[in-house]
**Q** 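For reference, the structure I am asking about is given below.
Computed from a predicted structure; not experimentally measured.
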Amino acid sequence: MANQIKKHINFLTKAFAITLVLASVLFSHNSFAQNDGEIIRVKLDTNVIVIGDQINLQLSVEQSKELKIGFPVFSDSIVNGVEIIKQTPQDTTALENGVIKVDKNYTITSFDAGVYKLKPFEFQVFDNVTRVLRTDTLLLGVKTMQIDTTKGNFDIVMPIQTPVSFAEIAPWLLGGLLVLALIVFLIWYFRFRQKDEPLFAISKPIEPAHVIALKKLDEIKQQKLWQGGKVKQFHSDLTDTIRTYLDERYNMSTQESTTDEILQAVKSVEVNNKWHANLREILERADLAKFAKFQPLPNENEQSLKYAYQIIESTILVEKKEEKKEEESEQENKSEDNK
């Protein structure tokens, strides 16, 4: 029984192939029409295709440029079973002696085996009298894929399990590391924010606080701000220098503090010290100059600068190493005297 079925299939395949060969011999894949100067051509890439193959159907007209010729209009198929995949707009090319060539292309295919008869294509010529030009008939053969029935059936092959490569996991690994780094950064950021601490700690200056402050006072003195009418800027720079020095020297935070708050804070570090009164005079005079439009006298400006020098010089922090050296040298001197 199986052998008989195979014979029938082979017979039908051979018969269909012979039909296609005869059709390709009897009918060309070109169609032609001509009338009084108009030349119409319709051309297929080939007469025989395999199911699903796509070929071009080319329509072209050579005509006088004064003449108007209407091309045939198709919606989604040329004939039943031959579908249009894509169509291009008409393309006009100028030839010699006032002749133009108009081309239009259709990409077609078929999904059913058989021989399809493409009826004559009709072109309307709009002249003094409307005429119709028809091309010859074209044949298109569509064949199926040839199946080798001599080979047996095979089981479906399952996908091959291959090991995962590093290139496949690298993007996921990198993405995971980036997410983890972002989480750590957010935790670190919010922890510092809750403690009201700066996100990035400001490194302390290498030079001692009193050295930096004295250099700044020297700059203020050389600028001669109040002598040039910039009294407000003079007192502002002077008090900023003192505030910065106190913050570094006594580990305070006076940049946003008022005068009374600063004076109250310095009492806790050194009690009943003479420079407290000088600091009060500097700050209060600066407040009047900055906020009350008060114009201090020249000697008062000089006095504020002088008091600033005295405050810094009288509160210089002596390093412990230097103190130890001095103590050691004193002890050595005493021992030598005793000898």
Side-chain angles (χ1 to χ4, degrees), residues 9-148:
I9 292 174
N10 291 332
F11 174 76
L12 293 175
T13 303
K14 291 179 180 179
F16 182 68
I18 292 171
T19 302
L20 290 179
V21 171
L22 291 174
S24 63
V25 172
L26 295 174
F27 297 92
S28 172
H29 57 272
N30 290 287
S31 182
F32 180 81
Q34 183 174 2
N35 181 39
D36 296 336
E38 296 93 27
I39 301 175
I40 298 175
R41 292 186 178 89
V42 178
K43 179 182 177 182
L44 287 171
D45 289 344
T46 180
N47 283 98
V48 181
I49 64 172
V50 178
I51 285 179
D53 281 352
Q54 298 181 7
I55 59 173
N56 292 313
L57 172 63
Q58 300 173 352
L59 283 64
S60 65
V61 176
E62 293 184 13
Q63 63 177 75
S64 172
K65 63 180 180 180
E66 290 84 8
L67 195 63
K68 181 179 180 182
I69 296 181
F71 277 63
V73 179
F74 302 101
S75 56
D76 55 358
S77 62
I78 303 298
V79 294
N80 187 21
V82 180
E83 301 179 7
I84 297 175
I85 303 299
K86 181 178 63 175
Q87 58 178 302
T88 62
Q90 295 182 10
D91 182 29
T92 303
T93 305
L95 303 178
E96 297 178 352
N97 300 323
V99 178
I100 61 173
K101 182 181 178 183
V102 183
D103 296 306
K104 186 173 180 63
N105 186 79
Y106 294 89
T107 303
I108 62 175
T109 189
S110 179
F111 298 99
D112 294 319
V115 179
Y116 295 93
K117 181 179 180 182
L118 306 185
K119 298 179 180 179
F121 295 87
E122 296 183 352
F123 294 79
Q124 291 186 346
V125 181
F126 299 96
D127 203 349
N128 295 330
V129 178
T130 302
R131 295 175 287 118
V132 177
L133 293 179
R134 294 179 178 85
T135 65
D136 297 330
T137 302
L138 290 176
L139 287 183
L140 175 64
V142 183
K143 63 180 181 179
T144 58
M145 297 291 295
Q146 293 184 359
I147 302 174
D148 190 355

**Q** Checking side-chain contact (heavy atoms from CB on, under 4.5 Å) for the pair Phe111/Val142: CA distance, chi angles, key distance, verdict?
**A** CA-CA 8 Å; Phe111 298 99; Val142 183; over 6 Å; no
**Q** Applying ring-ring contact (aromatic ring centres under 6.0 Å, His included), name anything that partners Phe126, two or more places apart in sequence or on another chain.
**A** none
**Q** Which heavy-atom pair separates Ile51 from Ala113 by the least distance, and what is that distance?
**A** CD1-N, 3.8 Å
**Q** Using the ring-ring contact (aromatic ring centres under 6.0 Å, His included) rule, collect all pairs that involve residues 46-66, keeping only residues at least two apart or in two chains.
**A** none
**Q** CD1 of Ile108 to CG of Leu118: how many Å apart, nearest 0.5 Å?
**A** 6.5 Å
**Q** To the nearest 0.5 Å, how far apart are OG1 in Thr107 and CG in Asn56?
**A** 4.5 Å
**Q** Could you list the donor-acceptor pairs under 3.5 angstrom formed between side-chain atoms of residues 81-102 and any protein atom two or more places apart in sequence or on another chain?
**A**
from  : atom 1 : to     : atom 2 : distance (Å)
Gln87 : OE1    : Lys104 : NZ     : 3.4
Thr88 : OG1    : Asn105 : N      : 3.2
Thr88 : OG1    : Asn105 : O      : 3.4

**Q** For Ser110 and Ile49, which heavy atoms make the closest approach, and how far apart are they?
**A** N-CD1, 4.4 Å
**Q** Checking Asn47 side chain against Gly141 main chain: does a donor-acceptor pair fall under 3.5 Å?
**A** no
**Q** Listing request: all side chain to side chain donor-acceptor pair (under 3.5 Å) pairs with a residue in residues 117-129, at least two apart in sequence or in separate chains.
**A** Glu122-Arg134
**Q** How long is the gap from CZ on Phe121 to CD1 on Ile40, to the nearest 0.5 Å?
**A** 11.5 Å
**Q** Sequence neighbours excluded, which residues qualify as side-chain hydrogen bond (donor to acceptor under 3.5 Å, both in side chains) partners of Gln54?
**A** none
**Q** About how many Å separate CG of Leu140 and CG of Leu57, when rounded to the nearest 0.5 Å?
**A** 9.5 Å
**Q** Nearest 0.5 Å, please: how far is OG1 in Thr109 from CG in Asp53?
**A** 6.5 Å
**Q** Under the side chain to side chain contact (heavy atoms under 4.5 Å, CB included) test, which residues partner Val129, sequence neighbours left out?
**A** none
**Q** Among residues at least two apart in sequence or on other chains, which ones pass ring-ring contact (aromatic ring centres under 6.0 Å, His included) with Tyr106?
**A** Phe74
**Q** Nearest 0.5 Å, please: how far is CD1 in Ile78 from CG in Leu138?
**A** 10.5 Å
**Q** Name all pairs fulfilling the side chain to side chain donor-acceptor pair (under 3.5 Å) condition that reach into residues 67-80, sequence neighbours left out, sorted by first residue then second.
**A** none
**Q** Walk me through whether Gln58 and Arg41 qualify under side-chain contact (heavy atoms from CB on, under 4.5 Å).
**A** CA-CA 8 Å; Gln58 300 173 352; Arg41 292 186 178 89; over 6 Å; no
